[in-house]
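Keep in mind it's a predicted model, so treat the numbers as computed, not measured. Quick note: numbers below take in every heavy atom, side chains included, and nothing from hydrogens, waters or symmetry partners.
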Amino acid sequence: MKIRIDEYDNWLDKELEKALRPTRSKAGRLSDDARRALDEARSFFEELSRKADGNLATKKDPISYRAARVVGRVAREGVSGIEKIQIPQEVSWDSFKVLRDNLANTARSLRESRNNTQREIHGLYLLDMLSFSGVVERIAKVGEKISNFLEGDGENLQRAKTLTSIVETIHQVGLQLDEKRKESIELERTREGLSSTVKELSSELEKITSNDSLKQVLEIEKELRKESREFRTDTLTHLRRPLRKLRDLSQRGEIALRSEEREALGEYIQSPYRSFLSRNSGPYLTPILTNLKSALDSGKMGLSHRKTTRVVVQLDQLTTTEHLSQKQGKGRNLLGQRQRLLHDPTCKNLYLERKIVLKKIDDGKKDELQAMERRHLAEEKINTLNKHFEELLVQAESKTKEYLSRDIQIERPRPSR
């Protein structure tokens, strides 16, 4: 039999109602038995309490007085224990298990109280103690009946609980699926919007960079970046560590450097090419290299012989040729050209506008990537939930057949696009 998923819970409720009708009827009779046993016990203990109170007022001998006081206390405790037991309004396996446990515990506690009382009252209240035993045994007997019910017909209640729990979980997983699908759709819309914005900004950037003067500025900056890389990797190769060592020695006073040279040395370590082209720190490179060579000759640098040889060869090349001056001249010439081009207000405004657009493109791409990653996580969660959803439907079909002897097939919802 095929049944739609949105109709399964109502259909199951009706089937469980029919299947559980005998079980609930039996559970109702057990509830009545428990109620009668408890009412009888309550009446007995209330009457016993009144009798003990009356004896307290009339009995004068110590033994009778003490027996009345003990019996009165036990009777009041009995009433209190009985009143704590609640007869369940709803028929379920859990509620009847609680009732069974409460009856068993109460019967055990009352049995202990009766035994202790008999030892303390020295043979008095014999008939009352017999009635006490009868009350306890009736409570215990009802508890045993409920225990047998739970192990027999009561299993149907547990099965019903299993089925309804599966249905509740199906609903919960379905709601989670709906939420994740909505989230995935919204994230895809967000990603598409961001992608469209990035394309528009890219077109705007292309339009901005079509200006001839700005093109020249960008070409100059490209060339400056190339020169900077070559200066760091070729011109100052093997020298970065010795220069830091020279700075440390000068700070400790082991190598004599003028304050201007020491300051320029720090700038070269942080920003080599920028310092090289600077009008302030640029002229100090040759004196710094000369001091470095002197430090190497003095042996204060603590470098290996092989490293020292490589550094000395490079220092000789830099200090005895026109390589540095040529590099410096080329770089400063490029900076001058760039400065002259950016002196034009139109070119400068386009240059600044390009930076703003580039930042917007970069931010947009980051946001788009984040949206893609979040959507990917949402899709993974959807796949996990779909798998769990299918497992629950298979379990519902299997348990329905096992517990209700009904062979059904729950129609799956169509996967949303």
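Of the possible polar contacts, one joining the Thr169 side chain to the Ser165 backbone as a donor-acceptor pair under 3.5 Å is found. Checking side-chain atoms of Ser228 against main-chain N and O of Leu224 turns up no donor-acceptor pair under 3.5 Å. Side-chain atoms of Tyr268 come within 3.5 Å of backbone N or O of Gly282 as a donor-acceptor pair. At distances below 3.5 Å, not a single donor-acceptor pair connects side-chain atoms of Arg191 with backbone N or O atoms of Glu368. At least one donor-acceptor pair under 3.5 Å links the side chain of Ser202 to the backbone N or O of Val198. A donor-acceptor distance shorter than 3.5 angstrom exists from the side chain of Ser250 to the backbone of Arg247, with no hydrogens or angles considered. Between the side chain of Asp153 and the backbone N or O of Phe149 there is no donor-acceptor pair closer than 3.5 Å. A donor-acceptor contact shorter than 3.5 Å is absent between the side chain of Arg375 and the backbone of Leu187. Using a distance-only test at 3.5 Å, with no hydrogens or angles considered, a donor-acceptor pair links the side chain of Ser113 to the main chain of Ser109. Looking only at distances, no side-chain donor or acceptor of Asp362 sits under 3.5 Å from a matching main-chain atom of Leu358.
The two residues Leu350 and Ile208 have their closest heavy-atom pair at O-CG2, 3.6 Å. Contact detail for Ala295 and Leu246: the closest heavy-atom pair is CB-CD1, 4.2 Å. Across every non-hydrogen atom of Ala68 and Ala52, the tightest pair is O-CB, 3.3 Å. The shortest heavy-atom contact between Ser275 and Ser271 is OG-O, 2.7 Å. Across all non-hydrogen atoms, the minimal contact from Leu285 to Phe231 is CD2-CZ, 4.2 Å. Scanning all heavy atoms of the two residues, the minimum distance from Lys215 to Thr209 falls at CG-O, 3.1 Å.
The line from OG1 of Thr117 to CZ of Arg73 is 6.5 Å long, rounded to the nearest 0.5 Å. Note: Ser64 OG to Leu56 CG = 10.5 Å, rounded to the nearest 0.5 Å. Between Lys307 atom NZ and Thr309 atom OG1 the span is 11.0 Å, to the nearest 0.5 Å. To the nearest 0.5 Å, atom CG of residue Asn386 and atom CG of residue Leu177 are 5.0 Å apart. Annotation: the span from Asp61 atom CG to Ile63 atom CD1 amounts to 6.5 Å, rounded to 0.5 Å. The distance from the CG atom of Leu249 to the CG atom of Asn291 is 11.5 Å, given to the nearest 0.5 Å.
Within a 6.0 Å radius of CZ in Arg262, other residues, nucleotides and ligands contribute more than 12 heavy atoms. Within a 6.0 Å radius of CG in Leu352, other residues, nucleotides and ligands contribute more than 12 heavy atoms. In the displayed structure, Arg50 atom CZ is contacted under 6.0 Å by more than 12 heavy atoms of other residues, nucleotides or ligands. In the displayed structure, Leu127 atom CG is contacted under 6.0 Å by at most 12 heavy atoms of other residues, nucleotides or ligands. The 12-atom threshold is not exceeded at CD of Glu263, counting heavy atoms of other residues, nucleotides or ligands nearer than 6.0 Å. For CZ of Arg42, the number of neighbouring non-hydrogen atoms (other residues, nucleotides, ligands) closer than 6.0 Å is greater than 12. Other residues, nucleotides and ligands place more than 12 heavy atoms under 6.0 Å from the CD atom of Glu411. For CZ of Arg306, the number of neighbouring non-hydrogen atoms (other residues, nucleotides, ligands) closer than 6.0 Å is 12 at most.
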- Message: side-chain contact (heavy atoms from CB on, under 4.5 Å) for Arg21 and Ser25? Distances and angles first, verdict last.
- Response: CA-CA 6 Å; Arg21 196 169 294 142; Ser25 177; 5.9 Å; no
- Message: Go through it in stages, so that I can follow the logic: the residues are Ile139 and Ile82, the test is side-chain contact (heavy atoms from CB on, under 4.5 Å), and I'd like the CA-CA distance, side-chain angles, deciding distance and then a yes or no.
- Response: CA-CA 10 Å; Ile139 292 174; Ile82 294 299; 3.8 Å; yes
- Evaluation steps, side-chain contact (heavy atoms from CB on, under 4.5 Å), between His171 and Leu175: CA-CA 6 Å; His171 283 307; Leu175 290 174; 5.5 Å; no
- Could you walk me through whether Glu188 and Ile185 pass the side-chain contact (heavy atoms from CB on, under 4.5 Å) check? CA-CA 5 Å; Glu188 179 59 19; Ile185 291 171; 5.8 Å; no
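Relative orientation of the Phe45 and Phe132 rings is perpendicular, given thresholds of 30° and 60° on the angle between their planes.
Only one option out of Arg29, Arg36, Arg35 pairs with Asp33 in a salt bridge (Lys or Arg N to Asp or Glu O under 4.0 Å); it is Arg36.
Using a cutoff of 4.0 Å between basic side-chain nitrogens and carboxylate oxygens, Glu192 and Arg189 are not scored as salt-bridged. With salt bridges taken as basic N to acidic carboxylate O contacts below 4.0 Å, none links Lys182 and Glu179. Between Glu144 and Lys141 there is no salt bridge, since no side-chain nitrogen of the basic residue lies less than 4.0 Å from a carboxylate oxygen of the acidic one. Salt bridge annotation for Arg412-Glu390: present, with a cationic side-chain nitrogen under 4.0 angstrom from a carboxylate oxygen. Using a cutoff of 4.0 Å between basic side-chain nitrogens and carboxylate oxygens, Arg24 and Glu17 are scored as salt-bridged. Between Glu230 and Lys327, at least one side-chain nitrogen of the basic residue sits less than 4.0 Å from a carboxylate oxygen of the acidic one, meeting the salt-bridge criterion. Ion pair Lys97/Asp101 flagged as a salt bridge, since at least one NZ, NE, NH1 or NH2 atom sits closer than 4.0 Å to an Asp/Glu carboxylate oxygen. For the pair Lys222 and Glu219, the salt-bridge criterion is not met [side-chain N within less than 4.0 Å of a carboxylate O]. Under the 4.0 Å criterion applied to side-chain N and carboxylate O atoms, Lys180 and Glu379 are not assigned as salt-bridge partners.
Contact check for Leu205 versus Arg354: side-chain heavy atoms found under the 4.5 Å cut-off. In this structure, Asp94 and Val98 have side chains that are not in contact, with every pair of non-hydrogen atoms separated by 4.5 Å or more. Between Leu16 and Asn156 there is no side-chain heavy-atom pair separated by less than 4.5 Å. The shortest side-chain heavy-atom distance between Met129 and Ile121 falls under the 4.5 Å cut-off. Side-chain contact between Asn55 and Tyr125 is present, with at least one heavy-atom pair separated by less than 4.5 Å. Residues Lys359 and Ile356 are not in side-chain contact: their nearest non-hydrogen atoms beyond the backbone lie 4.5 Å or more apart. Phe96 places a side-chain heavy atom less than 4.5 Å from the side chain of Ser31. With contacts defined as side-chain heavy-atom distances shorter than 4.5 Å, the pair Thr400/Ile410 does not qualify.
Side-chain contact of Arg114 with Ser133: a donor-acceptor pair under 3.5 Å is present, judged by distance alone. For the 3.5 Å distance criterion, the side chains of His376 and Glu380 qualify, holding a donor opposite an acceptor.
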